[in-house]
> 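Sending over a structure as structure tokens; questions will come in a sec.
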Amino acid sequence: WLVRRASLDGKPWRGAELLDWLAETAETSPAGERRTGSQGFSALAFVPAVCHLVLDVARALDHAHRKGVIHRDVKPANLLIDPTGQTLLMDFKVARRGSDDGQFGGTLAYMAPEQINGESVDCRSDIYSLGATMYHMLASRPPFDGKTLSAILMQKLSGETPSLKESRPEVRAETSALISSMLDRDPERRTRSRCDA
């Protein structure tokens, strides 16, 4: 979905547009058919629709974290959206129980700085990755999108956290501030969750 939207024009979309695309591309249901319960998501404008999708992932991460599991690879490609607009978190192949001992795993564009540095990671690293994913969903590009591996590393490890307001001025200040907090390079300053509060 993100690749398609970016290839067209990157303009904001509505929930209905996403659900129509899902129905068109689904192999198991006829185009235009939606399951009961999709009407609420269908009516959402761009930013509330993204927030709805991300909230589902946040709930899934909260559940995993309470069970002691760190996902370590939260990114758009590991999210599955069903025909009602519910988002499912997939691909736990690099997940670990408890805090990580610095074993490398994940996807660079969405990895927390401590994960890139080979340091121990915990639920705050997943929060960073979720912030990077939300940024990508809203801005139609990852927060750090250098053309080379070294450029991304330099941006992440030495650059400032990018501001969403520059690329999407329609996003409310509170939402932009939340994403900036999730993307803080210092895990101690990131948005807190129940697992580390």
Side-chain angles (χ1 to χ4, degrees), residues 1-19 21 41 43-62 71-81 85-87 89 106-116 121 123-193 196:
W1 174 248
L2 292 178
V3 170
R4 178 183 185 271
R5 289 304 303 150
S7 71
L8 293 177
D9 53 23
K11 289 182 184 171
W13 41 268
R14 299 186 65 81
E17 187 180 350
L18 170 56
L19 295 181
W21 178 79
F41 181 79
L44 293 175
F46 174 59
V47 176
V50 170
C51 290
H52 174 88
L53 298 173
V54 171
L55 183 58
D56 286 342
V57 181
R59 288 180 177 138
L61 282 174
D62 180 60
H71 189 279
R72 298 176 60 228
D73 198 20
V74 178
K75 61 183 178 181
N78 284 341
L79 307 181
L80 178 68
I81 303 170
Q86 182 178 4
T87 312
L89 179 60
T107 303
L108 183 62
Y110 305 94
M111 286 172 119
E114 65 273 14
Q115 199 171 354
I116 292 171
V121 301
C123 60
R124 296 170 298 181
S125 303
D126 281 348
I127 290 170
Y128 181 97
S129 299
L130 182 59
T133 297
M134 187 174 186
Y135 185 104
H136 186 165
M137 294 170 82
L138 288 167
S140 297
R141 64 175 180 80
F144 302 99
D145 63 347
K147 302 297 182 207
T148 65
L149 177 65
S150 60
I152 293 173
L153 285 171
M154 289 300 293
Q155 288 174 343
K156 279 186 164 251
L157 299 177
S158 63
E160 293 208 10
T161 303
S163 169
L164 184 60
K165 291 300 275 181
E166 294 172 14
S167 56
R168 286 286 188 219
E170 72 271 21
V171 175
R172 290 176 43 188
E174 296 87 352
T175 304
S176 183
L178 172 65
I179 294 170
S180 291
S181 175
M182 293 169 81
L183 290 173
D184 198 300
R185 289 173 44 216
D186 182 352
E188 294 295 326
R189 293 195 306 252
R190 280 184 208 140
T191 300
R192 307 293 284 184
S193 73
D196 63 355

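Heavy-atom basis, side chains included; hydrogens, waters and symmetry copies ignored.
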> What distance do Cys51 atom SG and Asp56 atom CG have between them, rounded to the nearest 0.5 Å?
11.5 Å
> Using side chain to side chain contact (heavy atoms under 4.5 Å, CB included), reason through Trp13 and Val50 one step at a time and then give a plain yes or no.
CA-CA 10 Å; Trp13 41 268; Val50 170; 3.8 Å; yes
> Please check if the number of heavy atoms outside Arg4 that lie under 6.0 Å from its CZ is greater than 12.
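Counting neighbours around CZ of Arg4, more than 12 heavy atoms of other residues, nucleotides or ligands fall under 6.0 Å, so yes.
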> For Thr175 and Met134, what are the C-alpha separation, side-chain angles and deciding distance, and is it a side chain to side chain contact (heavy atoms under 4.5 Å, CB included)?
CA-CA 10 Å; Thr175 304; Met134 187 174 186; 4.0 Å; yes
> If you look at every heavy atom in Ala49 and Phe41, which pair is closest and at what distance?
O-CE1, 3.6 Å
> Judged by modelled atom types alone, do Lys75 and Thr107 share a side-chain donor-acceptor pair under 3.5 Å?
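Present: a donor and an acceptor within the cut-off.
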> State the CZ-CG distance between Arg72 and Asn78, to the nearest 0.5 angstrom.
12.5 Å
> Check the pair Arg124, Glu114 against salt bridge (Lys or Arg N to Asp or Glu O under 4.0 Å), reporting the backbone distance first and the verdict last.
CA-CA 10 Å; Arg124 296 170 298 181; Glu114 65 273 14; over 6 Å; no
> Is Arg168 reaching over with its side chain to a backbone N or O of Leu138, donor-acceptor style, under 3.5 angstrom?
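Yes; judged by distance alone, with no hydrogens or angles, the pair exists.
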> Do you know which two heavy atoms are closest between Ser176 and Val171, and how far apart they sit?
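Scanning both residues completely, I find the closest heavy atoms to be N-CG1, 4.0 Å.
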> Between Ala109 and Pro142, which heavy-atom pair has the shortest distance, and what is it?
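Between these two residues, the closest heavy atoms are CB-CB, 4.5 Å.
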> Could you state the interatomic distance from OG1 (Thr87) to CE (Met137), rounded to the nearest 0.5 Å?
6.0 Å
> Please find the pair of heavy atoms, one from Gly85 and one from Leu53, that lie closest to each other, and give the distance.
O-CD2, 3.3 Å
> Starting at CZ of Arg190, measure out to CG of Leu130 and round the result to the nearest 0.5 Å.
12.0 Å
> Looking at Ala132 and Pro143, what are the two nearest heavy atoms and their distance?
O-CD, 3.6 Å
> First locate atom CG of Asp126, then atom NE2 of His71, and finally report the distance between them rounded to the nearest 0.5 Å.
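It comes to 7.5 Å.
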> Could you check whether the rings of Tyr110 and His136 sit parallel, tilted or perpendicular, using 30° and 60° as the cut-offs?
parallel
> What are the two closest non-hydrogen atoms of Ala60 and Leu89, and how far apart are they?
CB-CB, 4.0 Å
> Kindly indicate whether the side chain of Val74, heavy atoms from C-beta on, has any atom under 4.5 Å from the side chain of Leu61.
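In contact.
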> When rounded to the nearest 0.5 angstrom, what is the spacing between CZ in Arg172 and NZ in Lys165?
9.5 Å
> Examine distances only and state if a side-chain atom of Ser181 and a backbone atom of Ala177 form a donor-acceptor pair shorter than 3.5 Å.
no
> Over 60° means perpendicular and under 30° means parallel, so tell me whether Trp1 and Trp21 are parallel, tilted or perpendicular.
tilted
> Might you work through the side chain to side chain contact (heavy atoms under 4.5 Å, CB included) test for Tyr128 and Gln115, ending with a clear yes or no?
CA-CA 10 Å; Tyr128 181 97; Gln115 199 171 354; over 6 Å; no
> Could you give me the CA-CA distance, side-chain angles and deciding distance for Leu108 and Phe144, then say whether side chain to side chain contact (heavy atoms under 4.5 Å, CB included) is met?
CA-CA 10 Å; Leu108 183 62; Phe144 302 99; over 6 Å; no
